[in-house]
Amino acid sequence: MHALNINQLHTEANNCFLCKNPRCKQHCPISTPVPEIMQLYKDEKIFEAGQMLFENNPLSAICGLICPHEDQCLGNCIRGIKSEPVKFHAIESFISEQYLKDASFTQEQILDKRIAIVGSGPAGLTAAFILAKKGYKVTIFEKNSKIGGVIQYGIPSFRLSREILENMEKRLLELNVKIKYNALVGPVTTVDKLLEDSYDAVMIGTGVWNPKTLNIKGETLGHVHYAIDYLQSPQSYHLGKRVIVIGAGNVAMDASRSAKYYGAEDVTVVYRKGFEDMTATKVEIAEAKEEGVQFELYKAPIEITEEGVIVIDTQKVQNEDGSFTMKTIKGSEKLIQADSVIIAVSQSPKNNIVSNTTDLETNKYGLLVIDERGNTTKEGVFACGDVVTGAKTVVEAVAKAKVVVNTIDAYCSSK
């Protein structure tokens, strides 16, 4: 993603109409107060703007970089109807990153209530910040050696600077948040044990880390990898010169760009539909193209071999009711050669917690069942983020976490 320099940021701010009924705010999942932030930026009140952004969205520095802006603020800017839309997200990134560096947090009160947060992804980080600022004693249980969850282990560093997460960690520590690393909740430290062991509430925000499979022959071969695993440490992999990535979401784009970044010469994304059907943002697709990633569209994988992926041509057929169905074309099979194959077709939750916890229900997809306030089926246990919704955007997890935090606060206050 190409960052704007300070002169370009000023130009963007001056282009903003400061709308009275801002569509950018209305189409933001967390209702970012865009005109107010723009005015503060114009008035050179950068710290105040950062404070306002953080209070509304503790992950503002991340959302400014990786949100699907084309569907939200950028895509709904009034100026964009007749001209170029204002790149508010670039200004948001600049302000929020600066704020995380310069701010210093303190707990203004300390409550006699202890909360365990399982997972330090977008939902967990949001909850930790808000609850700690309210005065709760917060402990984060993180199964890896760094905070961030999917932000740390699913998004390449060339898209998201790890300095942002390092500064978040510093701010969390200032709020007396305890972080237990390499601490997998489930088999040994159970949720039941946490509730018995002085925690008044537990919030689960563990994300979705089990890759979904293609269910085709050859998926377990040595040169075949899942994107969610690959992106955790792409520098560890030896993919060879030719790489095929199967999938069409942002994870597929991240995997293909990472493969290029770490030395693959020929990277090809294989997808059974066309560009217009891809779930990846237009920006991510464009940047993958810029970096030399190739696309084989209307191709469905049917087998993986030592030599590469056998695909079959597909076509979109309109049904009588106006809907479309993808059909394969017999006799069109061909081999696309590759040294390595990366599969990126979504994820589902792991069951470490559920299989070791009483009274915690999931739906048929393995996602935790909650009510509209974030209560699970077990008293004192709350959940939000991808472990509830399936893989969604960071900003959606933040917005849901704010709701669940209020539920936890009310629950603890009533005890």
Side-chain angles (χ1 to χ4, degrees), residues 1-105 122 125-127 129-130 133 151 159-161 163-165 167-168 170-172 175 281 283 393-403 405-406:
M1 193 168 289
H2 311 296
L4 302 185
N5 63 40
I6 200 71
N7 290 330
Q8 291 171 318
L9 292 175
H10 288 332
T11 299
E12 293 296 326
N14 289 329
N15 284 339
C16 180
F17 294 153
L18 302 175
C19 300
K20 292 288 185 285
N21 295 303
R23 294 189 352 174
C24 48
K25 178 180 178 179
Q26 291 161 13
H27 286 84
C28 173
I30 205 158
S31 299
T32 301
V34 177
E36 292 93 328
I37 298 299
M38 285 299 212
Q39 189 60 63
L40 287 170
Y41 180 79
K42 288 182 178 185
D43 295 340
E44 298 185 3
K45 295 179 178 177
I46 306 300
F47 189 84
E48 291 86 342
Q51 194 168 30
M52 183 180 286
L53 282 166
F54 185 89
E55 290 299 323
N56 180 64
N57 175 4
L59 269 59
S60 177
I62 289 163
C63 291
L65 289 171
I66 65 169
C67 263
H69 307 114
E70 63 203 38
D71 300 325
Q72 297 168 1
C73 53
L74 189 71
N76 291 281
C77 175
I78 290 289
R79 192 176 187 275
I81 295 172
K82 294 185 177 179
S83 184
E84 285 294 308
V86 176
K87 296 183 180 69
F88 168 73
H89 60 278
I91 292 172
E92 178 184 20
S93 295
F94 172 77
I95 293 171
S96 296
E97 286 184 45
Q98 198 63 44
Y99 179 73
L100 278 177
K101 285 180 189 173
D102 298 342
S104 180
F105 294 165
L125 288 176
T126 301
F129 271 119
I130 299 173
K133 289 193 110 188
I151 310 165
R159 272 188 71 204
L160 178 71
S161 166
E163 185 184 357
I164 295 172
L165 286 166
N167 287 327
M168 280 189 177
K170 290 175 186 174
R171 304 291 83 84
L172 284 168
L175 290 168
T281 63
V283 170
T393 60
V394 168
V395 71
E396 287 173 286
V398 175
K400 292 284 176 22
K402 288 177 72 175
V403 173
V405 161
N406 290 333

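The stretch residues 9-21 participates, sequence neighbours left out, in these side chain to side chain donor-acceptor pair (under 3.5 Å) pairs: H10-Y41.
Not counting sequence neighbours, K25 has no partner by the salt bridge (Lys or Arg N to Asp or Glu O under 4.0 Å) test. Residues satisfying the side-chain contact (heavy atoms from CB on, under 4.5 Å) criterion with E70, sequence neighbours excluded, are T281, K282, V283.
Side-chain contact check for K400 versus T126: every heavy-atom pair is 4.5 Å or farther apart. For the pair T32/C73, no side-chain contact is recorded, criterion being any heavy-atom separation below 4.5 Å from C-beta on. Using a 4.5 Å cut-off on side-chain heavy atoms (C-beta onward), M52 and E55 make no contact. In this structure, the side chains of I62 and L165 come closer than 4.5 Å at one or more pairs of heavy atoms.
No donor-acceptor distance shorter than 3.5 angstrom exists from the side chain of S60 to the backbone of F54, with no hydrogens or angles considered.
Note: D43 CG to E48 CD = 9.5 Å, rounded to the nearest 0.5 Å. Expressed to the nearest 0.5 Å, how far NZ of K133 lies from CZ of F105 amounts to 4.5 Å. Distance CG/L4 to CZ/F94: 11.0 Å, rounded to 0.5 Å.
A tilted orientation is assigned to the rings of Y99 and F47, their planes being inclined by 30° to 60°.
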